Amino acid sequence: QVQLVESGGGSVQAGGSLRLSCAASGSSGYSSSSYCMGWFRQAPGKEREGVASIYNGDGSTFYAGSVKGRFTISQDNAKNTLYLQMSSLKADDTAMYYCAAAPGVSGCRVPLLAYQYWGQGTQVTVSS
């Protein structure tokens with residue numbers, strides 16, 4: 001079982017930056033197995049959408065078109081922590097942000113159901 005805890009959310013003005021963190025714990029095999037880690041967000045009245053993901057096998061990253069060039073996903077395996085650096089934030093980025101883990105996959109082009117572990121979320125609010 002893997003536990004994921006997000007932090008770093010808050011309120012910021014448009015054009016500002018935030019860094020989200022996701023600390024993982026609880027699985028002895030977490031650091032050695034193949035997995036994809038992702039950030040998702042959900043705004044009120046909207047469906048959950050993928051924001052960015054990273055595959056531990058080769059470090060490849062994927063971004064939603066709406067955040068490409070503004071957000072950067074990274075991970076520190078020694079700390080079992082996933083990050084999302086968000087810059088040039090817009091009001092449309094306002095949402096609850098979740099991190100999730102998809103274990104035992106060969107890449108990050110996987111369906112939402114592949115993400116078996118989810119954090120509780122951290123709120124990001126961008127005012128214009």
Side-chain angles (χ1 to χ4, degrees):
Q1 190 74 8
V2 175
Q3 290 82 44
L4 303 174
V5 179
E6 302 97 336
S7 61
S11 297
V12 64
Q13 289 190 333
S17 300
L18 282 174
R19 189 177 80 156
L20 306 183
S21 299
C22 173
S25 63
S27 173
S28 60
Y30 180 81
S31 296
S32 60
S33 63
S34 297
Y35 58 87
C36 179
M37 295 294 297
W39 286 99
F40 295 80
R41 66 186 181 186
Q42 188 167 20
K46 295 187 177 180
E47 292 186 353
R48 187 170 297 189
E49 64 171 345
V51 174
S53 59
I54 185 167
Y55 179 56
N56 80 315
D58 58 9
S60 54
T61 57
F62 305 89
Y63 296 93
S66 59
V67 307
K68 192 172 292 185
R70 300 188 298 121
F71 290 10
T72 302
I73 189 171
S74 62
Q75 61 183 12
D76 185 331
N77 289 327
K79 296 181 178 179
N80 275 349
T81 301
L82 179 74
Y83 301 101
L84 184 68
Q85 178 67 48
M86 305 185 296
S87 304
S88 301
L89 284 162
K90 307 174 182 179
D92 286 348
D93 295 318
T94 295
M96 185 71 79
Y97 283 70
Y98 302 88
C99 69
V105 297
S106 57
C108 280
R109 296 190 184 277
V110 294
L112 192 63
L113 287 177
Y115 288 90
Q116 298 180 20
Y117 305 105
W118 291 82
Q120 293 300 306
T122 186
Q123 178 68 37
V124 172
T125 302
V126 184
S127 56
S128 57

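Counting from 1, the numbers follow the sequence of the chain as shown. Bear in mind the structure is a predicted one, so any value in this text is a computation, not a measurement.
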*Apply the test side-chain contact (heavy atoms from CB on, under 4.5 Å) to residues R70 and Y63: give CA-CA distance (whole Å), side-chain angles for both, the deciding distance (0.1 Å), then the verdict.*
CA-CA 10 Å; R70 300 188 298 121; Y63 296 93; over 6 Å; no
*What's the verdict on side-chain contact (heavy atoms from CB on, under 4.5 Å) for R41 and V124, showing C-alpha distance, side-chain angles and the deciding distance?*
CA-CA 9 Å; R41 66 186 181 186; V124 172; over 6 Å; no
*Residue pair S34, N56: steps toward the side-chain contact (heavy atoms from CB on, under 4.5 Å) verdict*: CA-CA 6 Å; S34 297; N56 80 315; 4.2 Å; yes
*Could you give me the CA-CA distance, side-chain angles and deciding distance for L82 and W39, then say whether side-chain contact (heavy atoms from CB on, under 4.5 Å) is met?*
CA-CA 9 Å; L82 179 74; W39 286 99; 3.3 Å; yes
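When hydrophobic clusters are built by joining Ile, Leu, Val, Met, Phe, Trp and Tyr residues whose side-chain heavy atoms come closer than 4.5 Å, directly or via intermediates, M96 is not grouped with L89. At a threshold of 4.5 Å between side-chain heavy atoms, the hydrophobic network of Ile, Leu, Val, Met, Phe, Trp and Tyr places Y55 and F71 in two separate groups. If you chain together hydrophobic residues whose side chains sit under 4.5 Å apart, Y83 and V51 never meet in one group. If you chain together hydrophobic residues whose side chains sit under 4.5 Å apart, Y35 and W118 never meet in one group. Under the 4.5 Å side-chain heavy-atom criterion for Ile, Leu, Val, Met, Phe, Trp and Tyr, L84 and V126 are members of the same hydrophobic cluster.
Going from atom SG of C36 over to atom CD1 of I54 covers 8.5 Å, rounded to the nearest 0.5 Å. The line from OG of S87 to CG of L18 is 9.0 Å long, rounded to the nearest 0.5 Å.
Summarising the geometry of M37 relative to I73, their closest heavy-atom pair is O-CD1, 3.9 Å, with the distance given to 0.1 Å. Shortest non-hydrogen contact noted between C108 and S53 is CB-OG, 3.6 Å. Closest approach of S17 and S88 over heavy atoms only: OG-N, 4.4 Å. Closest non-hydrogen pair, Y98 versus Q120, comes out as CE2-O, 3.4 Å. Pairing each heavy atom of S21 with each of T81, the nearest pair is CB-CG2, 4.2 Å. Between G50 and A64, the closest heavy-atom pair is O-CB, 3.5 Å.
Around atom CD of Q116, more than 12 heavy atoms belonging to other residues, nucleotides or ligands sit under 6.0 Å away.
The main-chain N or O of C22 is never found under 3.5 Å from a side-chain atom of E6 such that the two would form a donor-acceptor pair. The backbone N or O of A95 sits nowhere less than 3.5 Å from a side-chain atom of Q42 that would complete a donor-acceptor pair. Between the side chain of Q85 and the backbone N or O of T72, no donor-acceptor pair lies under 3.5 Å.
Ring planes of Y115 and F40: perpendicular class, angle over 60° (limits at 30 and 60°).
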